[in-house]
Amino acid sequence: MDKKSPPSIFTTILAGGLAGAAETCITYPAEFVKTRRQLESRIPGTPSTSSFNILRSTIQQHGLKNVYAGCQTLAVSNAMKSGIRFFSFETAKRTLTPYFEPATGASTSTARNPWLNLSAGLCAGATESILVVTPGESLKTRVIHDSASGGQLSKLPLTRIVAQTVAQDGLFSLWRGLTPVLCKQGTNSAVRFTTFGALRDKLRDTWPEQMGGTTATMIAGAGSGVVTVYASMPFDNVKTRMQALGNPDRRMFTCATRMLTQEGVLVFWKATTPRLVRLTLSSSITFIVYDYAVRMMDSLKTPRTIAATAQQVV
């Protein structure tokens, strides 16, 4: 596996985009519930609305379609995000590989070096945060918050949502909450890629026959999702509050301090369960779809390569 040449730039972008769009459509109800719970501000000691009650009331009052409010925004964002993530990760990994090679010059273990995966993951997280994640998350939170109060923003096409947001709050409102998003995505990518690589290699080394194909990928993806949730949850909660409609906080520290003093330290791990459900599934779905798409595109390229070689020989 390690001896194969890395996927091309076009392959990583396309496969990553397909993986991001697929996992969004499948797991979006959990994302909707998570955001609704995070937007709810409450006094410590008072019960919060459960995920089940949010789903039930939303479906009863507005129909099942409303559970997917903001899905188009997040689907486009995640398709672009995943493409940029895998492209940035592979590019950073290629660039950083010489710095992580053993002194002997052997490169057989470099691809499995956890520090290489960590560094490349951080680069991927920072890149995707600035280019697509922050605007996408900002628009998604705005649409979900608006739909909770009976607004019609979710019924508009994505271009209209963007135009209306920029007209009301300015272009830079799309990047509100950039700092916690950078922290969250950097943590996400670094922890996810590092944990995923370590778990998959360990599973394949321990049970080489049972963990062939997508089995190890699925288990390692789920495991990396669990670790990622708890590591990045505080940043996710602060990000959602900063992007909420009418929130005056523009600095991460100010918003985090307000949340801590008013609601207690556990507010930073609020709505962990729906995010855990989503990221556990999304990690497995993303890596499986990505691996499958890469293999499919490689298989499509193989006949062309053989034909081109035959023509050169003739």
Among all residues two or more places apart in sequence or in another chain, which pass the side chain to side chain contact (heavy atoms under 4.5 Å, CB included) test with [X]?
| X | answer |
| --- | --- |
| S50 | F52, N53 |
| T27 | E23, R278, L281, I285 |
| P29 | V67, Y68 |

Inset, instruction - Indicate whether any N or O donor in one side chain lies under 3.5 Å from an N or O acceptor in the other, for R275 and S232. - result: yes

The residue among K140, E40, Q243 that forms side-chain hydrogen bond (donor to acceptor under 3.5 Å, both in side chains) with T35 is K140

Where is the tightest heavy-atom contact between [X] and [Y], given as atom of each residue plus distance?
| X | Y | result |
| --- | --- | --- |
| A126 | L182 | O-CD2, 3.8 Å |
| L18 | A293 | CD1-CB, 4.4 Å |
| V143 | A69 | CG1-C, 3.9 Å |
| P135 | I130 | CD-O, 4.5 Å |
| I161 | Q72 | CD1-NE2, 3.8 Å |

Please test L39 against T141 for side-chain contact (heavy atoms from CB on, under 4.5 Å), starting from the C-alpha separation and ending with a verdict.
CA-CA 9 Å; L39 289 169; T141 302; 4.1 Å; yes

Within this structure, what is the [atom1]-[atom2] distance for the pair [X] and [Y], rounded to the nearest 0.5 Å?
| X | Y | atom1 | atom2 | answer |
| --- | --- | --- | --- | --- |
| T257 | Q262 | OG1 | CD | 10.5 Å |
| M252 | L178 | CE | CG | 10.5 Å |
| L260 | F253 | CG | CZ | 9.5 Å |
| D291 | R295 | CG | CZ | 6.0 Å |
| T95 | L116 | OG1 | CG | 10.0 Å |
| L139 | I144 | CG | CD1 | 11.5 Å |

In short, salt bridge (Lys or Arg N to Asp or Glu O under 4.0 Å) pairs touching residues 159-184 with sequence neighbours left out are E137-K184, R142-D169, K184-D236

Residues pairing under salt bridge (Lys or Arg N to Asp or Glu O under 4.0 Å) where one sits in residues 51-64, two or more places apart or in two chains, turn out to be none

Margin query: Please check: side-chain N/O of T194 versus main-chain N/O of V191, any donor-acceptor pairing under 3.5 Å?
Written below: no

Flag, side chain of N66 to backbone of T58, donor-acceptor distance under 3.5 Å: no

Requested in this report: Kindly indicate, with the supporting measurements, whether the criterion side-chain contact (heavy atoms from CB on, under 4.5 Å) is fulfilled by L276 and V226.
Outcome: CA-CA 6 Å; L276 181 62; V226 173; 3.9 Å; yes

Sequence neighbours excluded, the answer for ring-ring contact (aromatic ring centres under 6.0 Å, His included) partners of F235 is none

Can E31 and K34 be counted as an ion pair, charged N to O under 4.0 angstrom? yes

With F32 as partner, the option from P274, S147, S51 fulfilling side chain to side chain contact (heavy atoms under 4.5 Å, CB included) is S147

* **Y292 OH: over 12 foreign heavy atoms closer than 6.0 Å** => no

For this session: Output, in order, the C-alpha distance, side-chain angles, deciding distance and verdict of side-chain contact (heavy atoms from CB on, under 4.5 Å) for T165 and L174.
Result: CA-CA 8 Å; T165 301; L174 297 175; 4.0 Å; yes

